[in-house]
Amino acid sequence: MRLVFLGPPGVGKGTQAAKLSKEYGVPHIATGDILRAAMARKTPVGLEAKSYIDSGKLVPDDVIINIIRERLGEPDTKKGYILDGFPRTIKQGEALSKMLDQNREKIDRVIYFYLNEDELVKRIAGRWSCPACQKVYHTINNPPKKEGICECGTALVQRKDDRPETVKERLAVYRNETSPLIQYYEGQGLLSKVEADGTVDEVSEKVENAFQKSSS
Ligand code: AP5
């Protein structure tokens, strides 16, 4: 099972990928999480990525493609994975195809999540995440059991790139640089569209229906 989750910031890609990854026992590979972990450890990649992420811009393609090439070479990816936040440009999409071709592998499905912009902004404004285990919460829709504390016991934080002016930039970058991938994958017959409204469980059901319909 090799899935790509595509969609604007705050639509719920990470939430759905985490849930499905547990259910199907395949790794959830989120480039945003990998970059934030590198930033926290102050690695060379983390230091390079910081200014792009903090300003809502995309990290250069070559940096991201190398990260993914390395990650997809790890043994836990052999039975599949869910890619969340990659590819994000046509160049990244082409690089992914090449990597897969080299191993005679294919993407099974690209799930494209969509939602109106007001709702995206609300979801991002209420998001709190765990810097240790990366679990994501929402103050209203999905609050932690203990206020401000993750189930793993770590204090929750708000992402710096979730400030309103940066969110505006991220939405513009999504429209200009990432949304062309919708047509790219539609042209390859790989795209399933999922409206991401409703509860987390309702959206999961739509994702599973889209995935199962395409594989039957
Ligand atoms: P990244 O971390 O990938 O951010 P993103 O794509 O902008 O997506 P988000 O994490 O904001 O949202 P999401 O769709 O995962 O939503 P979530 O599940 O959290 O990237 C960050 C930055 O890293 C980029 O700007 C870029 O600089 C860099 N980067 C990353 N990948 C890159 C790449 N490939 N190339 C170049 N640069 C790259 O949900 C949002 C909130 O809504 C949560 O609070 C959640 O609890 C809540 N929620 C979820 N589902 C529901 C629901 N059904 N109902 C109500 N609330 C819900």
Side-chain angles (χ1 to χ4, degrees), residues 3-20 28-37 39-40 49-59 64 82-89 92 110-131 133-145 147-150 154-183 185-186 191-207 210:
L3 296 180
V4 168
F5 280 8
L6 177 66
V11 75
K13 303 179 296 294
T15 302
Q16 293 301 325
K19 197 164 179 281
L20 217 66
H28 166 199
I29 301 177
T31 38
D33 288 346
I34 294 172
L35 292 168
R36 280 185 288 277
M39 275 163 60
K50 186 174 174 11
S51 62
Y52 294 100
I53 293 183
D54 286 352
S55 61
K57 304 257 188 287
L58 292 185
V59 172
I64 294 288
I82 303 170
L83 287 177
D84 159 18
F86 180 92
R88 232 174 170 105
T89 61
Q92 292 179 19
V110 176
I111 308 286
Y112 161 52
F113 295 91
Y114 64 97
L115 191 63
N116 71 68
E117 213 164 290
D118 287 348
E119 191 56 34
L120 293 176
V121 170
K122 276 190 213 154
R123 286 189 182 180
I124 292 174
R127 170 167 52 197
W128 286 80
S129 25
C130 177
C133 74
Q134 321 285 351
K135 192 169 165 62
V136 172
Y137 297 88
H138 190 279
T139 41
I140 299 163
N141 307 329
N142 180 24
K145 284 200 180 102
E147 201 186 324
I149 306 289
C150 180
T154 308
L156 297 171
V157 295
Q158 276 192 300
R159 278 167 46 179
K160 205 171 166 190
D161 63 340
D162 279 352
R163 288 176 302 196
E165 65 279 14
T166 315
V167 169
K168 238 181 166 178
E169 175 64 17
R170 285 165 59 201
L171 288 166
V173 166
Y174 170 77
R175 279 192 294 271
N176 295 333
E177 300 186 50
T178 305
S179 68
L181 284 166
I182 301 166
Q183 245 189 326
Y185 283 121
E186 202 157 35
L191 199 81
S192 290
K193 299 180 186 179
V194 168
E195 187 167 15
D197 60 346
T199 64
V200 170
D201 287 341
E202 284 165 353
V203 178
S204 300
E205 212 179 300
K206 294 189 209 181
V207 173

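As the structure is a prediction and not an experimental result, all values here were calculated from the model. Because only heavy atoms are used, hydrogens play no part in the values below, and waters and symmetry mates are left out as well, while side chains stay in.
How far CE of M39 is from CD1 of I34: 14.0 Å, rounded to the nearest 0.5 Å. With rounding to the nearest 0.5 angstrom, the NZ atom of K50 is 12.5 Å from the CG atom of L35. Interatomic distance, NZ of K160 versus CZ of R36, reported as 13.5 Å (0.5 Å rounding). Going from atom CZ of F86 over to atom OG1 of T178 covers 11.5 Å, rounded to the nearest 0.5 Å. Rounding to the nearest 0.5 Å places OG1 of T15 at 7.0 Å from CG of N142. How far CG of L181 is from CD of E177: 10.5 Å, rounded to the nearest 0.5 Å.
Checked against side-chain hydrogen bond (donor to acceptor under 3.5 Å, both in side chains), R88 has no partners two or more places apart in sequence or in another chain. Checked against side-chain hydrogen bond (donor to acceptor under 3.5 Å, both in side chains), R123 has no partners two or more places apart in sequence or in another chain. Listed by chain and residue number, K57, V173 satisfy the side chain to side chain contact (heavy atoms under 4.5 Å, CB included) test with E169 (two or more places apart in sequence, or in another chain). By the side-chain hydrogen bond (donor to acceptor under 3.5 Å, both in side chains) test, E205 is found to be paired with no residue, residues two or more places apart in sequence or in another chain being considered. In terms of the side-chain hydrogen bond (donor to acceptor under 3.5 Å, both in side chains) criterion, residue partners of T89 (sequence neighbours excluded) are, by chain and number, D61. Remark: A30 engages H28, D33, D84 in a side chain to side chain contact (heavy atoms under 4.5 Å, CB included) (not counting sequence neighbours). Checked against salt bridge (charged side-chain N to carboxylate O under 4.0 Å, His left out), K135 has no partners two or more places apart in sequence or in another chain. Annotation: side chain to side chain contact (heavy atoms under 4.5 Å, CB included) contacts of P144 (sequence neighbours excluded): Y137, L156. Qualifying side chain to side chain contact (heavy atoms under 4.5 Å, CB included) partners for P143, counting only residues two or more places apart in sequence or in other chains: none.
Minimum interatomic distance between V59 and A49 (heavy atoms only, all atoms of both residues): CG2-CB, 3.9 Å. Contact record, P87 with Y185: CG-OH, 3.3 Å, taken as the closest heavy-atom pair.
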Verify side-chain contact (heavy atoms from CB on, under 4.5 Å) between V121 and K168, making sure each step is shown before the conclusion. CA-CA 9 Å; V121 170; K168 238 181 166 178; over 6 Å; no
Could you walk me through whether T166 and D54 satisfy the side-chain contact (heavy atoms from CB on, under 4.5 Å) test, starting with their C-alpha distance in whole Å, then the side-chain angles of each, then the deciding distance to 0.1 Å, before giving a yes or no? CA-CA 7 Å; T166 315; D54 286 352; over 6 Å; no
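The neighbour count for E165 CD, taken as heavy atoms of other residues, nucleotides or ligands under 6.0 Å away, is above 12.
For the pair T154 (side chain) and C130 (backbone), a donor-acceptor distance under 3.5 Å is absent.
Taking the side chain as every heavy atom from C-beta outward, I64 and L58 never approach each other to under 4.5 Å. A 4.5 Å side-chain heavy-atom check between V167 and P9 finds every atom pair outside the cut-off.
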Let me check something: any side-chain donor-acceptor pairs from residues 110-119 under 3.5 Å, sequence neighbours excluded? List them with distances.
residue : atom : partner : partner atom : Å
N116    : OD1  : D118    : N            : 3.2
N116    : OD1  : E119    : N            : 2.9
E117    : OE1  : R175    : NH1          : 3.0

Sequence neighbours excluded and cut-off under 3.5 Å, please list the side-chain donor-acceptor pairs for residues 193-204, or say none.
residue : atom : partner : partner atom : Å
K193    : NZ   : E186    : OE2          : 3.2
D197    : OD1  : K206    : NZ           : 2.7
T199    : OG1  : E202    : N            : 3.1
D201    : OD1  : K19     : NZ           : 3.3
E202    : OE1  : T199    : N            : 2.9
S204    : OG   : Q16     : OE1          : 2.8
S204    : OG   : K19     : NZ           : 3.2
S204    : OG   : V200    : O            : 3.0

